[in-house]
Trainee: 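Dropping a structure here in structure tokens format, bear with me for questions.
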Amino acid sequence: MFESLKKKFSRTSDKLEEELIEEAQEENNLEEESGKKFSFFSFGKKDKKEEDDFESDVAEIPQEVESIHEEAEETSDDKDEKSGFWSFGKKSDDDNKEPLEEEESAEEIQEEEEPKKSHFWSRNKEEDAEESEEADEKTEEKKSRFWSRSNDEDSEEDEEDEPGGMFSFITAKTISEKHLEDILWELEMGLLEGDVAMEVASAVVDSVKDDLVGRKIKRSNDITEYTYNALRNAVAEIIDIPGKSMTEMIEAKKAQGEPLVVMFVGINGTGKTTTIGKLANYYLKKGYTPVIAAADTFRAGAIEQVNYHADNVGVKLIKHQKGSDPAAVAFDAVEHAKAQGKELVLIDTAGRMQTNTNLMDEMKKIKRVAKPDLVVFVGDALTGNDATHQASKFNEAIDIDGVILTKADADSKGGASLSIGYVIKKPILFLGMGQGYDDIREYDADWMLNQLFSESGEEVTVDEV
Ligand code: GDP
Ligand code: GDP
């Protein structure tokens, strides 16, 4: 996922490093460090399932943990160029470096959610759950290794002695606006090309600039570190739209003895019906009883299509004849759920272009009649800016509450995933991750951040190593 965005982020860092080194060379302000190059990589959090599904090429790596681990030192020189950027996010004791909240929150997440899913690089194969517990107890210094350190450099190694990079500036350099001008312009263009919305690209660039200008640089590797952190923080702010999860909302309604009513809108072909099937399956597995309303009475075959998913998943479908009033179908489904004590109503509606006034009016009527608790826009991540644009239009017409982006599994650009929530100020609720019923995941900004700021292919997480 998001390979092209990752490249752009990495390139920004490389360029700035090149620029400052070149300038320092001209000023005779550079000395090569005797210390070795970086020999560690860091990795974002990634669970086993995604690895299996989307990066089967790395799935073999866990078996080779030991050998790779031993070789890591030797191969490090080859990898430095590529992986330098992704190896940051670490908290160091540098005196001109401020603590970074992002790293802390990421560390918390790892500890809270997946204490046993250790990172290949941050933990030795032989080190078992004990080590994990120990790690939990240890404080900042140890935690910071999550992002950055190869496991063999265990706590004995003094931060001061750790490899600082290839060059030191004899007199510290300060990053100026001038240094960043071309680089950030290139980043902005790159983001726009990657279907990131204009306002999001500008926000990222402004934030990175604010963060970096004035930073004092002692060693060339600091540049990568600061750039990594600046980009990560910028993106973190953009993708973190506050909101409750659908599961929390189901629970809240359940406590009142009512079903959560969710109405799905969007254009045809985005994966709306499949998504409804996936959500029915997801919540069925969580122990709830969903019911689906076949309120797309407009399109030929739509009732059969949603019927097919309902049957496959094993949930009740409420349907009328083709051409009947979709609002009535939605209403009946809500009544059915109330009568039967079902916790979730999923209303399929006809796909429509945001420009089709009749269908947009019909959609408003469904909303008026069925009184959904949530109106969810389903968009296709692969359509990039179009998805963001459609979401804005639907939001203006009907006031949507959240977004589901489908086909994120196939999305190398990541433009819609990065932009859509920020542009309409509504959270992404789920990401569609494939064609099967299980291929859906609740959106989690920290997970997303780790997808964007970990180098795929070198990122290995194994269960219970
Ligand atoms: P609808 O017209 O919006 O209801 O679209 P469908 O639900 O029929 O989906 C259209 C196509 O997209 C189907 O072939 C789905 O299997 C596929 N699809 C839906 N969601 C995803 C997803 O998350 N990932 C991938 N790769 N394909 C998906
Ligand atoms: P189940 O046995 O739990 O699947 O539910 P039933 O089929 O017995 O229906 C329960 C309630 O939902 C009944 O009161 C029906 O009025 C309503 N219902 C079920 N299917 C439909 C349908 O296709 N259309 C409408 N309007 N109501 C339905």
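Counting starts at 1 for both ligands and their atoms, in listed order. Just so it is clear, the values below take in all heavy atoms, side chains as well, and ignore hydrogens, waters and symmetry mates. Just so it is clear, the model here is predicted, and its values are computed rather than measured.
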Trainee: Are Thr297 and Gln321 close enough that a side-chain donor and a side-chain acceptor fall under 3.5 Å?
Mentor: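 The criterion, which ignores hydrogens and geometry beyond distance, is not satisfied for Gln321 and Thr297.
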
Trainee: Pick, from Asp380, Thr273, Asp296, the option with the minimum heavy-atom distance to atom 4 (O) of ligand 1.
Mentor: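 Residue with the shortest heavy-atom distance to the ligand atom: Thr273.
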
Trainee: Decide whether His309 and Asn281 meet the rule of one side-chain donor and one side-chain acceptor closer than 3.5 Å.
Mentor: no

Trainee: Quick test of your reading of the structure: of Asn268, Thr275, Ile404, Thr274, whose heavy atom lies closest to atom 7 (O) of ligand 1?
Mentor: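 When every heavy atom of Asn268, Thr275, Ile404, Thr274 is considered, Thr274 comes closest to atom 7 (O) of ligand 1.
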
Trainee: Quick check: Ala408 and ligand 1, any N/O pair under 3.5 Å apart?
Mentor: no

Trainee: Check ligand 1 against Lys278 and write out every atom of the ligand that is under 4.0 Å from a heavy-atom position of the residue.
Mentor: 20 (N), 21 (C), 22 (C), 23 (O)

Trainee: Between Tyr443 and Phe430, is the ring centre distance below 6.0 Å?
Mentor: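 No.
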
Trainee: With a 4.5 Å limit on heavy-atom distance, are the side chains of Val423 and Val200 in contact?
Mentor: yes

Trainee: Tell me whether the centres of the aromatic rings in Tyr437 and Tyr282 are closer together than 6.0 Å.
Mentor: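 No: the rings miss the under 6.0 Å criterion.
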
Trainee: Consider every N or O of His309 and every N or O of ligand 1, then say whether any pair is closer than 3.5 Å.
Mentor: no

Trainee: Do any nitrogen or oxygen atoms of Thr406 lie less than 3.5 angstrom from nitrogen or oxygen atoms of ligand 1?
Mentor: no

Trainee: Tell me yes or no: between the side chains of Lys8 and Ser4, is some donor less than 3.5 Å from an acceptor?
Mentor: yes

Trainee: Starting from atom 8 (O) of ligand 1, what is the nearest protein heavy atom, named by residue and atom, and what distance separates them?
Mentor: Gln305 NE2, 2.8 Å

Trainee: Contact between Gly269 and ligand 1, counting heavy atoms under 4.0 Å?
Mentor: yes

Trainee: Please state which protein non-hydrogen atom is closest to atom 27 (N) of ligand 1 and give its distance, to 0.1 Å?
Mentor: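 Of the protein heavy atoms, Gln435 CG, 3.4 Å lies nearest.
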
Trainee: Below a 4.0 angstrom heavy-atom separation, can you tell me which part of Met433, side chain or backbone, both or neither, approaches ligand 1?
Mentor: backbone

Trainee: Ignoring hydrogens, what is the shortest heavy-atom contact between Lys367 and Ile398? Give both atom names and the distance.
Mentor: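 Residues Lys367 and Ile398, closest heavy atoms: NZ-O, 2.6 Å.
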
Trainee: Nearest protein heavy-atom contact for atom 28 (C) of ligand 1: which residue, which atom, what distance?
Mentor: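 Atom 28 (C) of ligand 1 sits closest to the protein heavy atom Lys407 CG, 3.7 Å.
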
Trainee: Only heavy atoms of Thr270, strictly under 4.0 Å: list the atoms of ligand 1 that pass.
Mentor: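 Those atoms are 3 (O).
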
Trainee: Please work out, at 4.0 Å between heavy atoms, whether the side chain, the backbone, both, or neither of Asp409 comes within that distance of ligand 1.
Mentor: side chain

Trainee: Could you say whether the N/O atoms of Ala410 and ligand 1 ever approach to under 3.5 Å?
Mentor: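 No; every N/O pair is 3.5 Å or more apart.
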
Trainee: I need the atoms of ligand 1 closer than 4.0 Å to a non-hydrogen atom of Gly432, numbered in the order shown.
Mentor: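 Near Gly432, meaning under 4.0 Å from one of its heavy atoms, ligand 1 has 23 (O).
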
Trainee: Distance alone, cut at 3.5 Å: any donor-acceptor contact between the side chains of His336 and Lys342?
Mentor: yes

